[in-house]
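In what follows, a single structure is set out as structure tokens and then discussed.
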Amino acid sequence: MTRYQTIVILTGAGISAESGIRTFRDGNGLWEDHRVEDVASPEGFARDPKLVLNFYNQRRQQLLSDEVKENAGHIALAKLEREHAGEVLLVTQNVDDLHERAGSKNLIHIHGELLQKRCSRSQTVSEVRTDLNVDDVCDCCGAAGTLRPNIVWFGEMPFQMERIEAALQKCDLFISIGTSGAVYPAAGFVSLANACGAETVMLNLDESDNAGAFKRSEFGPATKVVPMFVDELLNN
């Protein structure tokens, strides 16, 4: 019998960095030379929708370019889901589709998805693989100017929190991979898992802001430490 029956995994920017995805927030607090409130808030979108749409258009173009592809970390987590005898839920803070490309299926994008658009009137979500523009006409309501990226901005509620919290309360292993430990509510997942008796493990390039909350830590690039840890779980 496998040691762990229910595994919850949280991934952040660190697992996609080795795939060529640029880190969203840099050391000086700017997001690719833009203030956070200008490109990642409902107020910023209301003030200058063209700026915001162009910002995400550039990120979407990069994601769909030949320079970006899933890496060994993504592939190892898909293997864990496929081969583990119990349940594996993958919760990602990333808005890219690299986990899907690797084969992960039981997956929640807590901060939304770059390859989706949402109508601000009907909240209808649909796929988008081209640029969004301010004068685009919405398929569901026929109006122009209602489409936005299906991204959780500052001040908005992350997706599927009730499902995630329920999973954390029953899991016996929680793994955090490539996260800063600074963005809530995700940074608090480890505390809930600890409170419910789970083993908690951090796999990261270096110590996160909440590193002290984890019972075990392994440091190194995600393409190295994640496959090694997954092999350890599957061979246990």
Side-chain angles (χ1 to χ4, degrees), residues 1-16 19 21 70-116 125 150-152 156-204 208 210 213-218 222-223 225-236:
M1 178 181 290
T2 181
R3 179 180 175 189
Y4 301 108
Q5 297 302 311
T6 306
I7 301 173
V8 176
I9 304 164
L10 173 69
T11 65
I15 198 168
S16 291
S19 288
I21 298 289
E70 67 276 22
N71 64 49
H74 299 106
I75 293 168
L77 293 181
K79 176 183 177 182
L80 178 61
E81 179 187 324
R82 190 170 60 248
E83 298 184 9
H84 179 61
E87 181 182 349
V88 177
L89 173 64
L90 178 56
V91 180
T92 186
Q93 296 172 279
N94 300 332
V95 297
D96 60 61
D97 67 336
L98 299 183
H99 283 303
E100 287 92 340
R101 294 189 202 181
S104 292
K105 299 186 182 304
N106 195 24
L107 173 65
I108 295 174
H109 282 270
I110 190 173
H111 292 157
E113 300 184 50
L114 194 55
L115 300 183
Q116 290 181 346
V125 175
N150 189 34
I151 301 292
V152 175
E156 297 180 329
M157 180 62 69
F159 296 144
Q160 300 194 51
M161 282 301 300
E162 288 186 5
R163 180 185 170 195
I164 295 167
E165 289 172 355
L168 288 166
Q169 288 170 352
K170 74 172 187 177
C171 76
D172 46 18
L173 175 62
F174 171 70
I175 312 167
S176 177
I177 302 169
T179 71
S180 66
V183 179
Y184 284 84
F189 290 175
V190 61
S191 296
L192 179 55
N194 278 328
C196 295
E199 180 73 10
T200 54
V201 178
M202 178 181 66
L203 308 178
N204 219 353
S208 63
N210 60 352
F214 290 89
K215 298 173 183 174
R216 175 181 171 183
S217 300
E218 299 287 344
T223 53
V225 296
V226 176
M228 288 176 59
F229 189 76
V230 166
D231 285 345
E232 176 185 325
L233 286 176
L234 293 176
N235 292 329
N236 185 19

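Position 1 is the first residue of the sequence; numbering continues from there.
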Problem set entry | Matching residue for F159 among I110, V152, I164, V91 - test: side chain to side chain contact (heavy atoms under 4.5 Å, CB included) |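 Only one of I110, V152, I164, V91 forms a side chain to side chain contact (heavy atoms under 4.5 Å, CB included) with F159, namely V152.
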For this session: Please determine which of I151, V183, N150 meets the side chain to side chain contact (heavy atoms under 4.5 Å, CB included) test together with H111.
Result: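 For H111, the side chain to side chain contact (heavy atoms under 4.5 Å, CB included) check succeeds only for V183.
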Quick test of your reading of the model: are [X] and [Y] salt-bridged, counting only N-O distances below 4.0 Å?
| X | Y | value |
| --- | --- | --- |
| K170 | E87 | yes |
| K79 | D231 | yes |
| R216 | E232 | yes |

For this session: Verify side-chain contact (heavy atoms from CB on, under 4.5 Å) between L98 and I21, making sure each step is shown before the conclusion.
Result: CA-CA 10 Å; L98 299 183; I21 298 289; 4.1 Å; yes
Find out whether [X] and [Y] are in side-chain contact, i.e. whether some heavy atom of one side chain is under 4.5 Å from a heavy atom of the other.
| X | Y | result |
| --- | --- | --- |
| D172 | Q5 | yes |
| E199 | K215 | yes |
| I7 | L89 | no |
| L80 | L233 | yes |
| M202 | E218 | no |
| V88 | I9 | yes |
| L203 | I175 | yes |

Got a second to check how far [X]'s [atom1] is from [Y]'s [atom2], nearest 0.5 Å?
| X | Y | atom1 | atom2 | result |
| --- | --- | --- | --- | --- |
| E165 | C196 | CD | SG | 10.5 Å |
| L115 | D97 | CG | CG | 5.0 Å |
| L90 | S104 | CG | OG | 5.0 Å |

Exercise: do [X] and [Y] side chains pair donor with acceptor under 3.5 Å:
| X | Y | value |
| --- | --- | --- |
| T11 | H99 | yes |
| S19 | S16 | no |
| T223 | N71 | no |
| S208 | S180 | no |

Exercise. When the ring planes of F174 and F214 are compared, do they come out parallel, tilted or perpendicular, using 30° and 60° as the limits?
Worked result: parallel
Give me the atom names and distance for the closest heavy-atom approach of [X] to [Y].
| X | Y | result |
| --- | --- | --- |
| V226 | I177 | CG2-CG2, 3.6 Å |
| P227 | A72 | CG-O, 3.7 Å |
| A198 | L173 | CB-N, 4.1 Å |
| T200 | A213 | OG1-O, 3.8 Å |
| A222 | G14 | CB-O, 4.0 Å |
| N210 | A187 | ND2-O, 3.0 Å |

Problem set entry | Intermediate values then yes/no, side-chain contact (heavy atoms from CB on, under 4.5 Å), R101 and H74 | CA-CA 8 Å; R101 294 189 202 181; H74 299 106; over 6 Å; no
Exercise. So, N204 side chain and T179 main chain: donor-acceptor pair closer than 3.5 Å or not?
Worked result: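 Yes, N204 side chain to T179 backbone: donor-acceptor pair under 3.5 Å.
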Problem set entry | Identified side chain to side chain donor-acceptor pair (under 3.5 Å) counterpart of H109 within the set E100, Q160, Q116 |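 Looking at E100, Q160, Q116, the match for H109 under the side chain to side chain donor-acceptor pair (under 3.5 Å) is E100.
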For this session: Assess whether side-chain contact (heavy atoms from CB on, under 4.5 Å) is satisfied between V230 and L77, documenting all intermediate values.
Result: CA-CA 7 Å; V230 166; L77 293 181; 4.2 Å; yes
Problem set entry | Within 6.0 angstrom of M161 CE, more than 12 heavy atoms from elsewhere | yes
